[in-house]
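One structure is given here, and the rest of the page talks about it.
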Amino acid sequence: MGACLALGSLASCASCLCGSASCLLSSCCPSTYNSTISRLAFSFLLLLGTLVSIVMILPGMEEHLKKIPGFCVGGSSIPGIQNKVNCDIIVGYKSVYRMCFAMACFFFLFSIIMIRVRSSKDPRASLQNGFWFFKFLALVGITVGAFFIPDGTFNTVWYYFGMLGSFIFILIQLVLLVDFAHSWNQSWVEKAENGNTKCWFAALLSFTIIYYALAFTAVVLFYVFYTQPDDCTEHKVFISLNLIFCIIVSIVSILPKVQEAQPSSGLLQASLISIYTMYITWSAMSNNPNRQCNPSLLSLVQPISPTPAPGPTPAPGNVQWWDAQGIVGLTIFLFCTLYASIRSSNNAQVNKLMQTEEGQGLTASDEAATGEDGVRRAVDNEEEGVTYSYSFFHFSLFLASLYIMMTLTNWYKPDTDYETMQTAMPAVWVKIGSSWFGLAIYLWTLVAPVIFPDRDFS
């Protein structure tokens, strides 16, 4: 039992009710835990909900459910048993909206509960780091209740909530990518100073060149496939502006004054931000209702004739949701979620934005402790102060739930009859706006120490 939490086994912790003598000695009890394990466990719940949403939106799922006798309304029936389940709700985009609504409510509730938790001595820290079985039951209960929400205006209202939350989460992803590139650059520079200098610096240079090459290739492909000589003015503006902005932040990152104030800044971070910006640009253009400016993935590989007329293009209920930009978006989301759960950064500006303490992470001394009985137990590393903001972490997962909802449904907007979905320009502007705002945040982290030298940014 002592290693159940360290192993991440929620099921084995279910029988551990804190208060008993045996539990007080186990790592299931909040008195001994590790903050990283808690973050990973909450991230696991988010990923589990994401997996369920993916299964629900798979093409043909409704038809398979209707084959179950006595289950779906309008499906196979059993004499004497009335089919009561509306399978139109439990599959498709409506199911994704409800599943993500449940996850968002769950994490938002925890975000409110955990406001101003300062250390593990706070009674609320016990709820953060224990009682996993009951938290899982709470999430399941909220999810079941969400599927009883009537259609009405719920889908449209929740769509706009999703757009706003996704806008903020895209910025959080960018901050995490900057932090990742910063830690990566710092680690390899240290290895270069202590070992084979040429080898490590060559590796850093190689990755930087690869990222810039991918970003430049993306720009070329965007001009080829997402613009027309006499049309698609918005796309031309988006591509050109983001290309110029990426060049600007790259130049600023290596200016002498910036390097003097922040020696760890460089082209690796700027190249990663550039390629991420190009992904956001691509994702935004893929939501343009004008199909002449937004070819489908299939038409990029094999041109379709005749060319669809411009205008709103409805997405039917049995739509194929999986496209390239959606898969890339899920991959980035998965990476950022896992990285946010285990990150340990010395970047003071990023730590301030992410509400975490500098350099707080797993070390050999606090990762685990071995008792007299030889059992390894998680150790309380937050008695003096928490290593991350519990409330902000849950708020980030709340935003991640909204981002997953929008990504899985391709940012399509429910139609007025709530039976179909269609692309919409607001989604385009939200994504493009987030790319500009994100670049502005990154630029500010570079120039702030230069503009305000009297303030402590390091």
* Measuring from I432:CD1 to L241:CG, what's the distance to the nearest 0.5 Å? -> 9.0 Å
* Structure fact -> Value for CD1 (I170) from CD1 (I332), rounded to nearest 0.5 Å, stands at 9.5 Å
* CZ (F161) with more than 12 external heavy atoms under 6.0 Å -> no
* Asked: How far apart are the C-alpha atoms of L402 and M103, what are their side-chain angles, what is the distance that settles it, and do they pass the side chain to side chain contact (heavy atoms under 4.5 Å, CB included) test?
  -> CA-CA 9 Å; L402 299 177; M103 291 194 297; over 6 Å; no
* Asked: So F393 and F42, would you call those rings parallel, tilted or perpendicular, with 30° and 60° as cut-offs?
  -> perpendicular
* Asked: What class does the angle between the rings of W188 and F207 fall in, given that below 30° is parallel, 30 to 60° is tilted and above 60° is perpendicular?
  -> perpendicular
* To do: State, with a plain yes or no, whether a side-chain heavy atom of M406 is found less than 4.5 Å away from one of Y159.
  => yes
* Asked: So, F238 versus Y226, ring centres under 6.0 angstrom or not?
  -> no
* What is the distance from atom OG of S274 to atom CG of L267, rounded to the nearest 0.5 Å? -> 9.0 Å
* Structure fact -> Separation between CG (L171) and CG (L439), nearest 0.5 Å, reads 10.0 Å
* Structure fact -> Between V249 and A270, the two heavy atoms sitting closest are O-CB, 4.4 Å
* Return yes if a side-chain donor-acceptor contact under 3.5 Å exists between S250 and Y212, otherwise no. => yes
* Asked: Which heavy atom of I54 sits nearest a heavy atom of L408, and at what distance?
  -> CG1-CD2, 3.8 Å
* So with a 6.0 Å cut-off around CD of Q228, is the heavy-atom count from everything else above 12? -> yes
* To do: Could you tell me how the ring of Y279 sits relative to the ring of W282: parallel (under 30°), tilted (30 to 60°) or perpendicular (over 60°)?
  => perpendicular
* Do P426 and W411 come close enough that some side-chain heavy atom pair is under 4.5 Å? -> no
* Asked: Does a side-chain heavy-atom distance below 4.5 Å link K135 with F110?
  -> yes
* List the atom of S435, the atom of N242, and the distance in Å for their closest heavy-atom pair. => OG-ND2, 3.6 Å
* Is there a donor in the side chain of S38 and an acceptor in the side chain of N129, or the other way round, less than 3.5 Å apart? -> yes
* Exercise: identify the closest heavy-atom pair between L272 and L177 -> CD2-O, 3.6 Å
* Structure fact -> Taking every heavy atom of L127 against every heavy atom of I113, the minimum-distance pair comes out as CD2-CG2, 4.2 Å
* For M278 and L214, what are the C-alpha separation, side-chain angles and deciding distance, and is it a side chain to side chain contact (heavy atoms under 4.5 Å, CB included)? -> CA-CA 9 Å; M278 291 308 157; L214 290 174; over 6 Å; no
* To do: Measure centre to centre between the rings of F395 and F398, then say whether the value is under 6.0 Å.
  => yes
* Establish, yes or no, whether a centroid distance under 6.0 Å links the rings of H235 and F222. => no
* Is the ring centre of F101 less than 6.0 Å from the ring centre of Y97? -> no
* Mind listing the closest non-hydrogen atom pair of Q262 and P449 along with its distance? => NE2-CG, 3.6 Å
* To do: For the residue pair F167 and F437, categorise the inter-ring angle as parallel (less than 30°), tilted (30 to 60°) or perpendicular (more than 60°).
  => tilted
